[in-house]
Structure formats: C-alpha cells, structure tokens
Protein chains: 2
Amino acid sequence: MHTDTRSVGHAHARTAELTDLGGDTSRDDTTADPPAAHAAPPRRPRAKRLPRAVRERQILDAAVAVFSRHGFHAASMDEISEVAGISKPMLYAYLGSKDELFATCIRREATRLMETIASGVDPADAPDVQLWSGLRAFFGFVSEHRDSWRVLHRQASSQGGPFGEELAEMRRRAITLVAALLVRCASNQGAAYTQRDTDSMAAALVGAGESLADWWLDHAEESAGATAARLMNMMWMGFGDLVEGRVWHPPAHRSTGED
Amino acid sequence: MHTDTRSVGHAHARTAELTDLGGDTSRDDTTADPPAAHAAPPRRPRAKRLPRAVRERQILDAAVAVFSRHGFHAASMDEISEVAGISKPMLYAYLGSKDELFATCIRREATRLMETIASGVDPADAPDVQLWSGLRAFFGFVSEHRDSWRVLHRQASSQGGPFGEELAEMRRRAITLVAALLVRCASNQGAAYTQRDTDSMAAALVGAGESLADWWLDHAEESAGATAARLMNMMWMGFGDLVEGRVWHPPAHRSTGED
DNA sequence: CAGTAGATTTACTCGTCAGTAGGTATGGAG
DNA sequence: CTCCATACCTACTGACGAGTAAATCTACTG
C-alpha cells in the first residue's frame, strides 16, 4: 500500500522534475541514459512579466481551484504555483505563507458571496420577499462559482485553525443576518421569539441551504431560481402545509424571470 | 509557522550516528552528553498484552478522536498510535494503511449512527411521529458521540477519495430514507410529488439537521429533544405558520419525556 | 519449565512538502 | 543605449510523515 499510495489522490505531474534532485548536472550520459530517449522535460517557459496586482489575482484563482479539489492540507504550494503558471517563490513573495494564502482565499470568496447576496436583496421589500431574493442570489452564486463554494463550505469549516475561525466567523455573520430577517418577519406578525429561537432557526435554514446546494451540484438540471423556490417552500410553508397542497409562490413582479 | 506547527516530540536518533565520522572515540565520554540533567525522554512503558479485538477497539476509538480533531490528512499515524497507547507497527498490523483505518472508522461510526436512529423509530407510528422520533434519536447520538459526528460530518465528506465516497454513500442512504418517509407523509394526504421533489426536500432536511447539530454543539444548553422539536417545528410547520402562532407539538404519550 | 504464537517494540527508509538563498531576465526611465 | 527595480527562476534545505524489517517480550500450552 505504500509504494502506490499516490493512486489515492494527487496529480503530481511535477514528479519528473523533482526526482532528479541529485543535483549533479555534469552527469555522464554514457553510463545510464540512452541519449535520445532523454527528451528535455517539458519545462514551462518563463512567465511573461505582469504587474503585481494581476498576478495576485491569478494566484488566488489558482489557489481557490486547488484548495477546492484537495482541501487545505492536501493541497501543495507546488501545485498551486503550477496551476497559476508561475514558480513557487512568487507565491511566497506575493501571498506569504500557505496559511496566509488560504486565509486570503477565504476572505475574498466569502466577501464575494456576501456581496452577491446583499446586492440581490432589496431592504425595502417585505421580509419574506427578501428571504426569497437572498436565496436566489445564494444559489446563483453557488452555480457560478463552484470552486469558491467548495472552499467555503467544506474545506474551511473543517480546519480547526485560525482560518477555520475566520470562516466560522463569516458563517456566523450569515446566520446572524438571516436571524435578523426572521425577527422582522415575526414582528411583522406580532409573534415574539427568543434570540435562541431565531438563531437556531437561522442555523437550520443556512444548513439546509448549504445541503441543498450540494445536492443541486449533483443534480444540476434546474435553475438557481427553481432550487431557491424549493427551499423557500419548504421553509416557509413546511411539510404540514405542503402535503395538504398549500404552497408558496414567488411574487410575479420584479422576479428576474428564470424559474 | 513552519518550524513549530507540530508537537515537539520526535526523536531523530539517527543524527547521532551521522556525527561520528572520526571513528576515534578516545576519552569522548566527557565531551558529548550532559549525563544527569538531560532527563531521559519519558518513554511510554511497554503496553500490556491484550487480545486483538480489544486493541482494535481502542485503536479505532483513538483514531476517531484524532481524525475528529485534525481531519484525515493532518492526522498522523504517529499521533493516533500514541493516543491509542501503542506503537505504530501495531496500527499497521491490525488496521492496515491509513486509508483503510479511516474507512473503517467511517463505517463503524456511520453504522452506529444509523442503528441508533433506526432503533429509535417505530415503523408502526404515523409518518410525522416517525420523523420526530428519528430527529430525537439523531440529536441524541450527536450529543453523546461528538467525535463520531465530527468525523462523519466534516472530515469524511470533504475528502474526495474512496472513503469520502463511502461516506457520501451513507449520507445518500440517509437522504433516501428520509425521502421515503416524506413520500409516505405525502401519500397519506393524497399529495403527489416527483422523486426530485422529495429528494431535494430530504437533502435540505438532512442538511438542516446537520447544521442545527453544529449550532447545538456550540450552544448546548438544552436537551436533544428540545433541539429536535425546534427542527420539527421548522420543517413541519414552516415560518409561515410559525409567525402566526401555529406550532407543532410533540405527541404526549410514548415520549421519552425530556423536553 | 520449555516452546511457541502472537503481541509489541525500536530503529530505520523513502518520498513529499513548506519555505528559502541566490541568481537571471526584462521593461521602462533617463 | 544603459541602468536598475522588480518580476521571475532554478536549485536547494530541513523536517515530517507513511510504511516496514527485524527483532524482543510475554502469556499460555504441554
């Protein structure tokens, strides 16, 4: 199991260039190597000179993709640099250590997500409509940035370290936001809830959204709006109403019309 | 961040044999080792001889704890063996490779969880009561086996490998089970749903349960039953009913009475 | 008490990876 | 055309972790 552990994961295309660490470049070609077979290892040409800001974006994109595939620990800086199209020292020069890089990814993607949702919600709407718009925006983001979503949802939250903390913080903010929305819904109707009530409901709602998003990634044959409507129905109406045929319908006006 | 991430305890005894190039050891006893002050590293005494089955259980318990803390990749076999109170080769002798060990953990914990839930549900009950009992059993399990839950929920599902597949399979089974329950609920009332409808609702429900369980772990000041009731209310009644004061109440009879 | 099976260990090997030292190329300012 | 700042690279180190070879101990059987 040891010799072929590699089969479990990892692309490791770079193995070729890493194995000749012997260092002795003045090697005699007479003994070991058949001359022609020794084709030059496909060395990536020197990257074009680019301004720092652009490279940083490229690197972050690559990092998100790799972290998304392998998770924090299993992702290697070598692979990230390769995907980014530059060499490892550039990573360190621009983004610091692996931890810093990961934290930066988390922050960027979380911010994107939050902003996407915020810009999709109109605070002037009724609370239930706000909830609906938020769900739409959320599922839209997930479908367009799968890698971002994977990094945020799975990788970050499973790391106990300082970044996991960073992500947990973002998640708490999201839950808090939803909770506030629920409070407004409730007070609209004169219902009174404890903070514990609304917080727990928000946590469950966010979790349902996450889970449904994952499910959707595996059964992606419908629009973001349709999926959002599923969740909205479930949460707003509940099974009790649903099984008796009472469903919730999205408001016709203002809908961005894809469902 | 690099040099001190791991715990300090590693022997690296081979350094010693690399240093004795000279070969002449004349009067060297005075030079190298500060004899007394340099207390011997606290070497664990030889483990007591135990039958294989018992050791295997111990090892699995330790593995679940360590995987729960660090995740699959960051967990080291050294740490697991240390926590288990035995040495590394025992791990390999009994449980095979790291991959096999992890898969075994997953299977054991997933089986426990499923059985706990199954034994808490009476198929003779009405569908909604079955749902309620299942939720109770689920939250009860989570509160009593936090490590198991963490391994199942976060670590396993984030690994793309063969074991992640194993876990994803378990999760699918759970979702399928819930979906079947929903179908029974619906047909009881004459409502008709597509498989897609029930599957997605089940996925959302399972996700809500997972998320609420996580939330609960951080705010554990109420019983499993109370938390289950929260989710049941949310899912069964929906916000629409809840904000208007219509709530769902657990059946009084047969309740194990802790809420 | 000898003998043996299996429980347990020490002391390694080999591969990978985070992070770095020190050099090379290149585009724009003068 | 010549600097030189800085984008970029090759080649390396030090450390750790998975997995193993080859003992060594110990409980039980005869």
Side-chain angles (χ1 to χ4, degrees), chain A residues 1-12 14-25 41 43-56 58-59 66 70 72-82 84-102, chain B residues 1-18 41 43-56 58-59 66 70 72-82 84-102:
Chain A
M1 191 56 164
H2 179 212
T3 46
D4 62 347
T5 318
R6 298 274 55 84
S7 61
V8 177
H10 292 267
H12 284 293
R14 68 186 174 286
T15 313
E17 68 178 65
L18 287 183
T19 39
D20 64 350
L21 279 181
D24 193 358
T25 2
R43 202 128 85 248
R44 180 178 52 77
R46 196 185 186 83
K48 239 202 104 185
R49 207 183 165 89
L50 282 181
R52 177 165 180 152
V54 177
R55 271 277 181 261
E56 281 188 353
Q58 284 183 1
I59 293 176
V66 173
H70 303 303
F72 173 75
H73 214 91
S76 83
M77 296 297 264
D78 285 280
E79 182 172 356
I80 294 175
S81 71
E82 190 180 327
I86 46 109
S87 69
K88 206 160 40 139
M90 294 296 301
L91 268 185
Y92 287 89
Y94 283 175
L95 276 305
S97 69
K98 189 182 186 183
D99 289 13
E100 289 175 64
L101 174 60
F102 190 64
Chain B
M1 184 59 111
H2 176 214
T3 46
D4 62 347
T5 36
R6 283 268 141 251
S7 58
V8 211
H10 269 269
H12 284 289
R14 68 179 176 286
T15 317
E17 72 177 58
L18 289 181
R43 200 128 87 249
R44 180 178 51 76
R46 195 185 185 84
K48 238 202 106 183
R49 205 183 165 90
L50 282 180
R52 177 165 183 151
V54 176
R55 272 276 182 261
E56 281 188 352
Q58 284 183 1
I59 294 177
V66 173
H70 303 302
F72 173 73
H73 214 90
S76 83
M77 295 297 265
D78 284 281
E79 182 173 355
I80 294 175
S81 70
E82 189 179 328
I86 46 109
S87 68
K88 207 158 44 139
M90 294 294 303
L91 268 186
Y92 287 90
Y94 283 175
L95 275 307
S97 69
K98 189 182 184 183
D99 289 12
E100 290 174 66
L101 173 60
F102 190 64

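Bear in mind that the values here come from a model prediction, so they are computed numbers and not experimental data. Residue numbers begin at 1 in each chain, while the letters A, B, ... track the order of the sequences.
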Rounded to whole Å, CE of M77(B) lies from P of dT9(C) at a distance of 15 Å
Side-chain atoms of K98(B) come closest, of dG19(D), dA7(C), dT9(C), to dG19(D)
Does a nitrogen or oxygen in the side chain of Y94(A) sit under 4.0 Å from OP1 or OP2 of dA7(D)?
yes
Heavy-atom nearest pair, S87(B) first then S81(B), reads C-CB, 3.9 Å
Of the listed dG17(D), dA7(C), dG19(C), the closest approach to the R52(B) side chain comes from dA7(C)
Side-chain N or O of R44(B) closer than 4.0 Å to phosphate OP1/OP2 of dT9(C)
yes
The nucleotide from dG19(C), dC17(C), dT9(C) with an atom nearest the side chain of A47(B) is dT9(C)
Fill in: Heavy-atom check, side chain of F72(B) versus side chain of K98(B), under 4.5 Å
yes
Can you check nucleotides 22-26 of chain C for protein contacts, nitrogen or oxygen pairs under 3.5 Å, and list what you find?
residue	atom	partner	partner atom	Å
dT24(C)	O2	R46(A)	NH2	3.1
dT26(C)	O2	R49(A)	NH1	3.2

Closest of dC9(D), dT8(C), dA7(D) to the M90(B) side chain is dT8(C)
Donor-acceptor pair present, K88(A) side chain and dG19(C) base, under 3.5 Å:
yes
When rounded to whole Å, the CG to C1' distance for the pair L50(B) and dC25(D) reads 15 Å
Contacts of G96(B) and K48(B) projected onto DNA chain D by closest heavy atom; the upstream (5') one is G96(B)
Hits for salt bridge (charged side-chain N to carboxylate O under 4.0 Å, His left out) against R46(A), two or more places apart or cross-chain, chain-then-number order -> none
Residues at least two apart in sequence or cross-chain that pass salt bridge (charged side-chain N to carboxylate O under 4.0 Å, His left out) with R49(B), listed by chain then number, are none
D78(A) CG to dC9(D) P, in whole Å, measures 13 Å
Looking only at dA18(D), dG19(C), dC8(D), the nucleotide nearest the R55(A) side chain is dC8(D)
